[in-house]
Number of protein chains: 2
Amino acid sequence: MSSSAQRNPRRSDALSRERIVEATVEVLDTAGEAGLTVRALTAHLSTGRGAIYHHVADKDELLAAAADSIIGRAVAGTEGDEDPKRAIRGLALGIFDVIDAHPWVGGQLSREALQPAVLRIWKGVGLQLQRLGVTGPARSDAGSALVNYVLGAAAQHAAGSRRASNAKDRKSYLESLAAQWVRHDPDPIVQEAASLLNEHDDRQQFLAGVDIFLAGIAAVR
Amino acid sequence: MSSSAQRNPRRSDALSRERIVEATVEVLDTAGEAGLTVRALTAHLSTGRGAIYHHVADKDELLAAAADSIIGRAVAGTEGDEDPKRAIRGLALGIFDVIDAHPWVGGQLSREALQPAVLRIWKGVGLQLQRLGVTGPARSDAGSALVNYVLGAAAQHAAGSRRASNAKDRKSYLESLAAQWVRHDPDPIVQEAASLLNEHDDRQQFLAGVDIFLAGIAAVR
DNA sequence: ACCTGAACACCGTTCAAGT
DNA sequence: ACCTGAACACCGTTCAAGT
């Protein structure tokens with residue numbers, strides 16, 4: 001009845017899909033995407049390599065389920081806001097923050113269009129757009145624009161943060177890259193364009209993009 | 001001087017980075033991302049498995065170079081348009097079409113933020129935004145919004161088309177999915193939101209998204 | 001029914017040996 | 001200098017054998 005430990009603490013309970021997905025998240029968070037191997041996972045669960053295949057079909061399903069468990073938490077309780085615009089900002093920021101904390105989710109969401117985690121995001125966006133009064137084909141266009149923007153920004157941010165855990169390194173790399181552009185093409189127009197790579201706060205820039213989108217659907221409507 | 005064939009047609013020339021990247025594109029186009037193995041690639045080039053490592057560091061570099069060769073062609077000659085808005089639409093559509101034709105590029109662009117192909121897109125977008133008269137931090141925000149939207153839409157479209165090569169299957173799957181949402185949650189608000197998954201032309205919807213962001217950039221400025 | 005772990009059919013990458 | 005292909009150190013998944 002209670003969830004307390006049993007006689008043998010090394011193997012607390014029978015395996016279950018939930019326990020496997022939970023362990024998958026733990027391995028991904030500590031070892032990254034490359035560190036998620038069936039061997040590492042089953043070692044973490046102290047079970048045999050083949051055991052997980054009684055509960056999930058394959059590694060893809062495992063990754064999709066792990067991402068869904070993370071996104072599920074982020075999207076939950078985002079409907080509360082009275083103001084649909086604020087709700088959209090909250091939903092988007094919730095996804096951004098959760099991907100910042102679990103970079104492997106960013107890559108996973110781009111891997112399969114109709115996976116549960118992505119459908120959750122479609123659903124949340126659809127609800128808020130409806131509350132905003134966007135209807136008909138305009139809502140499909142707006143929803144697709146927002147979902148694709150959020151997923152694209154998430155993937156790029158995750159890809160960047162996965163590698164350059166050191167922010168200083170990243171900054172100096174971006175600066176040298178911009179300088180390289182300018183050297184390669186001394187056209188002042190290129191020089192100005194290189195400023196896109198300047199230092200910025202990814203999170204704030206992400207939110208600015210959401211606001212550009214919100215202004216866009218208001219203008220197009 | 002000319003590029004005509006030599007005596008032995010089975011091994012036309014010495015290996016080179018260009019020839020290897022070209023072969024990589026060919027393998028990816030015919031066998032997909034999962035089909036790109038060093039064994040398949042070197043067989044296609046009729047050489048030994050280790051040969052390519054004299055010209056590229058590893059498989060990641062190969063994928064990045066292959067994507068860059070595709071994106072390079074798409075972005076080239078997109079600066080011609082007088083009207084910067086039309087140039088942005090052309091740039092975005094060029095990327096969409098090239099990813100529609102080579103779905104593996106869509107996934108690759110989400111894998112590494114500062115890879116050459118992605119930087120090319122940043123550069124192209126930066127140039128047009130500048131011509132549009134967007135300056136200062138507003139240009140960074142606008143550029144990031146546009147680039148992330150394009151990359152997100154590209155990845156989702158590619159992920160969708162990779163699997164469901166059969167459009168009929170995809171359509172009926174989306175329909176049953178929407179029906180499932182409604183069954184699961186009879187709230188009419190959910191039912192309406194499910195309409196986001198309705199049939200649509202991905203390419204046209206992609207362009208509608210670009211226009212939303214363009215309108216937003218104009219409104220926010 | 002669930003679990004174990006050896007076995008299978010693969011990978012990417014390295015490196016001694018060749019030319 | 002460039003190439004070859006065997007060898008190495010891994011993978012994900014299956015499946016007979018156990019409980």
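First the proteins, then the strands, lettered A, B, ... as listed; each starts at 1.
- At C:dC3, one or more side-chain N or O atoms of A:His55 fall inside 4.0 Å of OP1 or OP2 (strictly under the cut-off).
- The interatomic distance linking B:Ile52 (CD1) with D:dG5 (C1') rounds to 14 Å, in whole Å.
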- Item | Test log, rule side-chain hydrogen bond (donor to acceptor under 3.5 Å, both in side chains), inputs A:Gln128 and A:Glu79 | CA-CA 8 Å; A:Gln128 297 307 331; A:Glu79 306 174 19; 5.9 Å; no
- Task: Kindly indicate, with the supporting measurements, whether the criterion side-chain hydrogen bond (donor to acceptor under 3.5 Å, both in side chains) is fulfilled by B:His200 and B:Asp202.
- Result: CA-CA 6 Å; B:His200 62 265; B:Asp202 259 18; 2.7 Å; yes
- Task: Would you write the dot-bracket representation of DNA chain C, where each base gets (, ), [, ], | or . depending on whether it forms a Watson-Crick or G-U pair under 3.5 Å and with which partner?
- Result: ||.|||||...|||||.||
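- A:Leu36 comes within 4.0 angstrom of sugar-phosphate atoms only, judged by non-hydrogen atoms across all strands, and of no base.
- What separates CD1 of B:Ile20 from P of D:dC2 is a distance of 11 Å, to the nearest Å.
- The distance between atom CG of B:Leu41 and atom P of D:dG5, rounded to the nearest whole Å, is 15 Å.
- Taking a cutoff of 4.0 Å between a charged side-chain nitrogen and a carboxylate oxygen, B:Glu33 and B:Arg111 qualify as a salt bridge.
- Applying the salt bridge (charged side-chain N to carboxylate O under 4.0 Å, His left out) test to every pair with at least one member in residues 89-99 of chain A, sequence neighbours left out, gives these pairs: A:Arg89-A:Asp211, A:Asp97-A:Arg203.
- Remark: A:Asp60 engages no residue in a side-chain hydrogen bond (donor to acceptor under 3.5 Å, both in side chains) (not counting sequence neighbours).
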Provide a list of protein-nucleic acid N or O atom pairs under 3.5 angstrom, restricted to nucleotides 13-15 of chain D.
unit_1 : atom_1 : unit_2  : atom_2 : d
D:dT13 : OP2    : A:Tyr53 : OH     : 2.7
D:dT13 : OP2    : A:Lys59 : N      : 3.1
D:dT13 : O5'    : A:Tyr53 : OH     : 3.3

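- Whole-Å rounding puts the B:Leu62 CG to C:dC11 P distance at 15 Å.
- D:dC11 atom P lies 15 Å from atom CG of A:Leu63, rounded to whole Å.
- Here salt bridge (charged side-chain N to carboxylate O under 4.0 Å, His left out) pairs that include residues 144-157 of chain B, with residues two or more places apart or in two chains, number zero.
- In terms of the salt bridge (Lys or Arg N to Asp or Glu O under 4.0 Å) criterion, B:Arg49 has no residue partners (sequence neighbours excluded).
- Between B:Val27 and B:Gly35 the shortest heavy-atom distance is CG1-O, 3.7 Å.
- Of the candidates D:dC3, C:dC11, C:dC3, C:dC11 carries the atom nearest the B:Thr37 side chain, counting heavy atoms from C-beta on.
- Using a 30° and 60° split on the angle between ring planes, B:Tyr149 and B:Phe206 fall in the parallel class, below 30°.
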